[in-house]
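In what follows, chains are A, B, ... by sequence order, proteins preceding strands, each numbered from 1.
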Amino acid sequence: MSDNSKVRTRFAPSPTGYLHLGSIRTALFCYLFAKSKSGQFVWRLEDTDQERFVSGAEAQMRQVFDWLGIAPDEGPEIGGEFGPYRQSERLKLYQRFAHELVDQGLAYYSDLNQAVIEEAKLKAKQDKRSFVFRGEDFDRQLGDNRANVPIRFRMSKVVGDTVTWKDSIRGEQTVNLSTIEDFILIKSDGYPTYNFANVIDDHLMQVSDVIRAEEFIASTPKHQLLYQSLGFAVPNFLHLPIVLGEDKKKLSKRSGASDLMLLKHQGYLPNAIVNYLALLGWNPGSTQEVFSLSQLVAAFNPKSLQVSPAIYNQERLDWFNTQHLRMLGMQELVEVFKPLIKDYFDPEWEASRNFLSNPDDIAYLERILTVEKDKITNPKQYIDKIYFLYRRPKFDQTVLDRFDLDKADFEVVVERLLAVLESNQDWEKGELINLVKGFIKSSGLSTKFVMMSLRASLTSQLGAMGIYDIMVLLGRQESLARLNQALEE
RNA sequence: GGCCCCAUCGUCUAGAGGCCUAGGACGCCGGGUUUUCAUCCCGGAAACCGCGGGUUCGAAUCCCGCUGGGGUCACCA
């Protein structure tokens, strides 16, 4: 199946929970692979586990694709000529192929008691050897009632000693047949197992390249056997390395930012996440780091895919986010910040329910962002920094301690500063700079001390934005009020 | 434990026998710009290429062993 004109990849998650960064990266590579070859990217839902099914998971996945821009060409709800795309809606298909194998003697009904197998398994463990279940050892007569009886693949019918396949980035792989058990094709509830449904669907949906995570390498020999037995053409296989958390353990919900929607709420841009993920385990063959999705499609080459695991690193993601933040226009930037600001205020400030629905609020936000546009590196943290613009912070002795300012000196400066500033009506940036500079010069005080005093009075916090911008944004009345408040304390 | 996969700065990576006294990026440290914060700019430290053997005139690059890490051993995917 090396027909380049019909490249089709597929992302086939099970709806058992939220997609984490690792699986999203797998989806991304499937997408990039297909699109870089003008192929199709198919989304299939592997909902064959009735017990672990999580309703809402499918919708969440859809949301993720939409937000990231990794649009599947086919899938549940989306449709396509190879549907349905939910495995639970394809049960008859799997049954048909399973029965075909049974008729050929390549599979059999196996109603063996689970306890018997467990016992054999335990014994194998005691003997320090691996347990490989083969029906022959447990053969028994089956009555007429075959309902609720699982179907197993019959290994004894397979000819040869080994199975071999070629992984697109790992090379030739060989596994000894003796390590493969009579695995289950159809479960007793009539649903297919992953191993079986996967092969049937990839064939029926004409998938040319099976791109999935490393953890599936171990089950690939079973798939090979199935392709052979069913007489299906074998697609290309490519197993991606897994993504490890910062603790070097497999990425999980607990690894922090594994929930994409959480990242979204923290002001991370979809392009930044895509960019970061793409460069985690792949390189463009140049020193270029910043890419848009379409640039990634153009640059993508599976040959540069890494074969060893990569560790997720938030700081690097942050950097990519900054890069993509800088490329945004003002309107887009406002859209990023609107929900963040709203989230920040809503819980503590009832009156803010309507916050940002007022055009004045949007205009104010826009004024802030215009000043700060090229300085923001982390949206979520940034809100903390500019909080003082929205609400007057409490001023007390601890503020002075934080700034390492002497109380007596501080009061004298603020008092004199206040006199100078009050005399000014314009409150325009250039004028304020002249005023303060003039004051510094005539007073003979150090710039740092004066600026720090101003900063302490106006914001009560270290490190926000430039002083003059703060004064302008706050306005004359509020600025003077804060200076006065600092004096009273 | 069996089987399988992997191994270059803390992290993401370049490197497909001589271009490597190992390059880039994130982070970190130092300096400069900003008479304040941040941004930005410049510089620096950081991998004796996991270890040990080979092959070769020559190895991060090829081979073998070891060690370490990971995956997988379900009527889960």
Side-chain angles (χ1 to χ4, degrees), chain A residues 12-16 46-49 51-52 87 110 112 114 117 121 124-125 127-133 148-152 167 170 173-176 178-181 183-195 197-198 212-221 239 241-242 244 246 248-250 276 279-290 303-304 306-320 322 326 372-377 382 385 433 436-437 440-441 446-455 459 461-470:
Chain A
S14 63
T16 51
E46 309 224 321
D47 54 346
T48 55
D49 187 340
E51 279 176 26
R52 293 202 309 159
Q87 291 187 328
S110 166
L112 197 72
Q114 202 51 37
I117 297 178
K121 209 183 269 187
K125 200 162 188 174
D127 296 347
K128 286 213 169 207
R129 57 186 172 81
S130 62
F131 174 71
V132 179
F133 174 78
N148 303 115
V149 175
I151 298 176
R152 283 180 187 272
D167 187 288
R170 290 166 202 267
Q173 312 284 315
T174 301
V175 168
N176 207 303
S178 64
T179 61
I180 305 170
E181 79 275 11
F183 55 97
I184 298 209
L185 268 22
I186 301 286
K187 300 183 269 188
S188 56
D189 62 2
Y191 278 64
T193 57
Y194 160 77
N195 289 135
N198 191 265
R212 63 207 345 178
E214 189 180 5
E215 65 220 60
F216 294 106
I217 293 178
S219 54
T220 305
H239 290 93
I242 51 165
L244 268 23
E246 297 194 296
K248 294 196 177 186
K249 296 267 168 57
K250 204 177 168 185
Y276 169 71
L279 263 53
L280 189 65
W282 174 78
N283 76 78
S286 70
T287 51
Q288 184 180 351
E289 303 255 14
V290 181
K303 288 274 176 287
S304 311
Q306 213 68 24
V307 84
S308 54
I311 296 168
Y312 170 79
N313 181 258
Q314 178 100 28
E315 278 147 354
R316 201 165 148 79
L317 207 210
D318 284 347
W319 181 78
F320 278 105
T322 304
R326 295 293 154 78
E372 297 288 280
K373 191 176 178 336
D374 291 327
K375 299 153 75 172
I376 301 164
T377 57
Y382 187 71
K385 280 187 170 182
I433 294 176
V436 174
K437 274 190 182 176
I440 292 171
K441 203 164 186 187
S446 83
T447 301
K448 182 137 186 139
F449 179 62
V450 173
M451 295 309 253
M452 282 303 188
S453 299
L454 226 29
R455 187 174 289 281
T459 74
Q461 68 180 249
L462 268 343
M465 55 180 79
I467 288 288
Y468 302 111
D469 290 321
I470 291 172

(request) Take atom CZ of A:Phe183 and atom P of B:C76, then tell me their distance rounded to the nearest Å. (result) 14 Å
(message) So that I know where these two stand, are A:Tyr194 and A:Phe216 an aromatic pair - ring centroids less than 6.0 Å apart?
(response) yes
(message) Taking B:G15 as the reference, what is the distance to B:A77 when you measure between their P atoms (whole Å, please)?
(response) 39 Å
(message) Between A:Asp47 and A:Gln87 (side chain of the first, backbone of the second, donor and acceptor by atom type, cut-off under 3.5 Å), is there such a pair?
(response) yes
(message) Rounding to an integer number of angstrom, what distance separates B:A22 and B:A14 when you compare their C1' atoms?
(response) 9 Å
(message) Suppose we define a pair by two distances each less than 3.5 Å, Watson-Crick or G-U wobble; what does B:C9 pair with here?
(response) none
(message) Let's see if you can work this out: which of B:A25, B:C76, B:C12 has an atom nearest to the side-chain heavy atoms of A:Asp49?
(response) B:C76
(request) Side chain of A:Ile184 only, please: which of B:G71, B:A14, B:C75 is the nearest? (result) B:C75
(message) Just the rounded figure in Å: distance from C1' of B:U8 to CG of A:Asn283.
(response) 14 Å
(request) In whole angstrom, give me the gap between the C1' atoms of B:G18 and B:A60. (result) 13 Å
(message) Given B:A77, B:C37, B:C75, identify the nucleotide with an atom nearest to the side chain of A:Lys448.
(response) B:C37
(request) Rounded to whole angstrom, note down the C1' distance from B:G50 over to B:G10. (result) 16 Å
(message) In the structure I gave you, are the side-chain heavy atoms of A:Tyr382 and A:Lys375 within less than 4.5 Å of one another anywhere?
(response) no
(message) For a quick test of reading the model: is some side-chain N or O of A:Thr193 closer than 4.0 Å to OP1 or OP2 of B:A77?
(response) no
(request) Measure from the side-chain N and O atoms of A:Lys441 to the backbone N and O of A:Val436, and report whether any donor-acceptor pair falls under 3.5 Å. (result) no
(request) Give A:Phe216 one of three labels, base, sugar-phosphate or nothing, depending on what nucleic acid heavy atoms sit under 4.0 Å from its own. (result) base
(request) Using whole Å, report how far CD of A:Glu46 lies from P of B:C76. (result) 13 Å
(message) Side chains of A:Thr220 and A:Arg212 only: does a donor on one sit below 3.5 Å from an acceptor on the other?
(response) yes
(message) Using the P atom as the point on both nucleotides, what is the distance between B:G65 and B:C3, in whole Å?
(response) 13 Å
(message) If I take atom CD in residue A:Glu315 and atom P in nucleotide B:U11, what distance separates them, rounded to the nearest angstrom?
(response) 13 Å
(message) Please check: side-chain N/O of A:Arg455 versus main-chain N/O of A:Met465, any donor-acceptor pairing under 3.5 Å?
(response) yes
(request) Determine the Euclidean distance between corresponding C1' atoms of B:C48 and B:G70; express it in Å to zero decimal places. (result) 27 Å
(message) Checking contacts here: which listed nucleotide (B:U36, B:C37, B:C12) is nearest the side-chain heavy atoms of A:Ile311?
(response) B:C12
(request) Remember a base hit wins even if backbone is also touched, and classify A:Gly285 as base, sugar-phosphate or nothing at under 4.0 Å, heavy atoms. (result) nothing
(request) Would you indicate which nucleotide in B:C5, B:U36, B:A77 comes nearest to any side-chain atom of A:Tyr194? (result) B:A77
(request) Please state how far atom NZ in A:Lys375 lies from atom P in B:U39, giving the value in whole angstrom units. (result) 9 Å
(request) Rounded to the nearest angstrom, tell me the gap between atom CG in A:Leu280 and atom P in B:U11. (result) 13 Å
(request) For A:Thr322 and A:Thr377, work out which heavy atoms get closest and say how close. (result) OG1-O, 3.1 Å
(request) With heavy atoms under 4.0 Å as the rule, sort A:Ser446 into base, sugar-phosphate or nothing. (result) nothing
(message) Could you tell me how far B:C20 sits from B:U13 if I compare only their C1' atoms? Round to whole Å.
(response) 16 Å
(message) Contact between A:Pro241 and A:Arg170 at the side-chain level, heavy atoms closer than 4.5 Å - yes or no?
(response) yes
(message) Under 3.5 Å for both donor-acceptor distances, Watson-Crick or wobble: does B:U21 have a partner, and if so which one?
(response) none
(message) What's the closest nucleotide to the side chain of A:Arg316 if the choices are B:U39, B:C75, B:C26?
(response) B:C26
(request) Specify the separation, in whole Å, of atom CD of A:Gln306 and atom C1' of B:U8. (result) 10 Å
(message) Partner lookup for B:G65, please. Criteria are Watson-Crick or G-U wobble with both distances under 3.5 angstrom; report none if nothing qualifies.
(response) B:C51
(message) OP1 or OP2 of B:U35 versus the side-chain N and O atoms of A:Lys441: is any pair under 4.0 Å?
(response) no
(request) Would you kindly check whether a donor in the side chain of A:Arg455 faces an acceptor in the base of B:U36, or vice versa, at under 3.5 angstrom? (result) yes
(message) Using a 4.0 Å heavy-atom cut-off, does A:Arg326 contact any base of the nucleic acid, only the sugar-phosphate backbone, or nothing at all?
(response) sugar-phosphate
(message) Can you tell me which nucleotide in B:G24, B:A38, B:C75 comes closest to the side chain of A:Ser188?
(response) B:C75
(message) On RNA chain B, does the nearest nucleotide to A:Ile186 precede the nearest nucleotide to A:Ile217 from the 5' side, or the other way round? Give the residue.
(response) A:Ile217
(message) Can you tell me which nucleotide in B:C26, B:C5, B:C3 comes closest to the side chain of A:Thr179?
(response) B:C3
(message) Here's a test of your reading of the structure: between A:Ser219 and A:Glu289, which maps to the more 5' nucleotide of RNA chain B?
(response) A:Glu289
(message) In whole Å, measure the gap between the P atoms of B:G54 and B:G71 for me.
(response) 35 Å
(message) Among B:C5, B:A77, B:U36, which nucleotide has an atom closest to any side-chain atom of A:Thr48?
(response) B:A77
(message) Any side-chain N or O of A:Gln173 below 4.0 angstrom from OP1/OP2 of B:C5?
(response) yes
(message) Looking at A:Glu372 and A:Lys385, is there a salt bridge between them, counting it only when a charged N and a carboxylate O are closer than 4.0 Å?
(response) no
(message) I need the CE-P distance between A:Met452 and B:U35, as an integer number of Å.
(response) 15 Å
(request) Pick base, sugar-phosphate or nothing for A:Ser308, based on heavy-atom distances below 4.0 Å to the nucleic acid. (result) sugar-phosphate
(message) What's A:Ile242 touching, base or sugar-phosphate or nothing? Going by heavy atoms closer than 4.0 Å.
(response) sugar-phosphate
(message) Under 4.0 Å, counting only non-hydrogen atoms across every strand here, what does A:Glu181 touch: a base, just sugar-phosphate, or nothing?
(response) nothing
(request) Provide the Watson-Crick or G-U wobble partner of B:C28, both distances under 3.5 Å; none if there is no partner. (result) B:G44
(message) Checking base pairs now: Watson-Crick or wobble, both atom distances under 3.5 Å. What partners B:A14?
(response) none
(message) Let's see if you can work this out: which of B:U36, B:C5, B:C6 has an atom nearest to the side-chain heavy atoms of A:Met451?
(response) B:U36
